[in-house]
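Every chain is numbered from 1, with letters handed out A, B, ... down the list of sequences.
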Number of protein chains: 2
Amino acid sequence: MDTSQLLKGVLDLAVLAVLDRGDGYGYEVVRGLRAAGLNEVGDASVYGTLRRLYNAGLLTSYVVPSDEGPHRKYYSMNAPGKARLRETSEQWLAFAKTMESLVKVA
Amino acid sequence: MDTSQLLKGVLDLAVLAVLDRGDGYGYEVVRGLRAAGLNEVGDASVYGTLRRLYNAGLLTSYVVPSDEGPHRKYYSMNAPGKARLRETSEQWLAFAKTMESLVKVA
DNA sequence: TTGTAGTACCGCGCAATGCGTAGTACTGTG
DNA sequence: CACAGTACTACGCATTGCGCGGTACTACAA
């Protein structure tokens with residue numbers, strides 16, 4: 001039911017991971033996450049996360065007008081963003097390993 | 001730095017997993033979690049979680065006086081608790097797998 | 001006696017963050 | 001024109017882990 005709490009603190013990482021494959025705009029990132037298996041991500045969460053990462057200086061941004069719909073606000077990883085991605089993913093992998101060992105005893 | 005957000009929604013699972021190995025009281029569970037690698041778990045978080053799980057009907061509880069310190073409030077898994085543990089751990093393992101595949105492309 | 005440390009628990013209020021809902025705006029199709 | 005799809009934003013809520021402080025009991029030291 002409520003997978004939502006699992007995303008806490010991990011959505012940042014997920015978004016960074018998606019953007020690491022190349023620049024992307026909000027709606028695209030949302031689709032990327034859902035395609036990856038995170039089916040229940042709310043779009044508002046992703047837009048919020050992108051803004052937060054941007055405000056934290058981990059992303060740069062530029063707007064591209066589109067003639068097939070509204071404008072697109074692209075986000076792009078910069079050096080601090082890549083550094084953060086590395087740190088966070090290591091942190092997460094370690095955490096996941098710990099949790100797995102805890103759970104798998106059962 | 002801030003591993004705290006990673007615990008969101010997972011502490012329930014971690015606590016259930018520890019209790020699944022046998023009845024335990026709060027302080028003991030805290031030590032169990034830290035020993036398992038969750039070094040930064042605040043004790044208040046664990047007590048809060050135990051109470052939440054208890055109120056949700058997933059645990060039973062009994063108090064045992066101790067002559068080597070204060071009383072101990074033991075918690076014990078019941079059937080709904082075990083069911084929840086199973087569900088949640090499956091959910092988590094799937095989620096972790098998804099995240100790993102996302103992260104490991106980088 | 002006073003103090004300190006370890007054990008064991010509880011309550012209060014805060015902060016972070018994902019989500020629901022609603023709203024704006026543009027394009028293309030029936 | 002109505003409607004769906006795309007794309008983004010703003011507002012406020014709910015959950016939940018944590019910090020801090022407080023209570024209470026035992027044991028041991030100064």
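- Looking at heavy atoms from C-beta onward, R72(B) lies out of side-chain contact with V63(B) at the 4.5 angstrom threshold.
- Two residues, G26(A) and T49(B), neighbour DNA chain D, and the one matched to the more 5' nucleotide by heavy-atom proximity is G26(A).
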Write down the protein N/O and nucleotide N/O pairs, taken from nucleotides 10-14 of chain C, whose separation is under 3.5 Å; answer none if there are no such pairs.
{"unit_1": "dC10(C)", "atom_1": "OP1", "unit_2": "K73(B)", "atom_2": "NZ", "d": "2.8"}
{"unit_1": "dG11(C)", "atom_1": "OP2", "unit_2": "R51(B)", "atom_2": "NH1", "d": "3.3"}

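- Between the side chains of N78(A) and T60(A), no donor-acceptor pair is found at a separation under 3.5 Å.
- Rounding to the nearest 0.5 angstrom, the gap separating the CG atom in L53(B) from the CZ atom in R51(B) is 11.5 Å.
- Between L38(A) and L11(A) the shortest side-chain heavy-atom distance does not fall below 4.5 Å.
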Could you run down the sub-3.5 Å N/O contacts of the protein with nucleotides 23-29 of chain D?
none

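- If you check every strand for non-hydrogen atoms under 4.0 Å, G9(A) touches sugar and phosphate atoms only.
- Remark: R52(A) is not in phosphate contact with dA16(C), judged by side-chain N or O atoms under 4.0 Å from OP1 or OP2.
- Under the 4.5 Å side-chain criterion, counting only non-hydrogen atoms from C-beta, Y74(B) is not in contact with S61(B).
- Residues N39(B) and L33(B) fail the side-chain proximity criterion, which asks for heavy atoms closer than 4.5 Å.
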**Request:** Evaluate side chain to side chain contact (heavy atoms under 4.5 Å, CB included) for L50(B) paired with Y54(B), printing each intermediate quantity in order.
**Result:** CA-CA 6 Å; L50(B) 285 169; Y54(B) 175 78; over 6 Å; no
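- Remark: D12(A) engages R52(A) in a salt bridge, criterion side-chain N to carboxylate O under 4.0 Å.
- Taking a 4.0 Å limit (strictly below) on heavy-atom distances, residues 54-65 of chain B does not reach DNA chain D anywhere.
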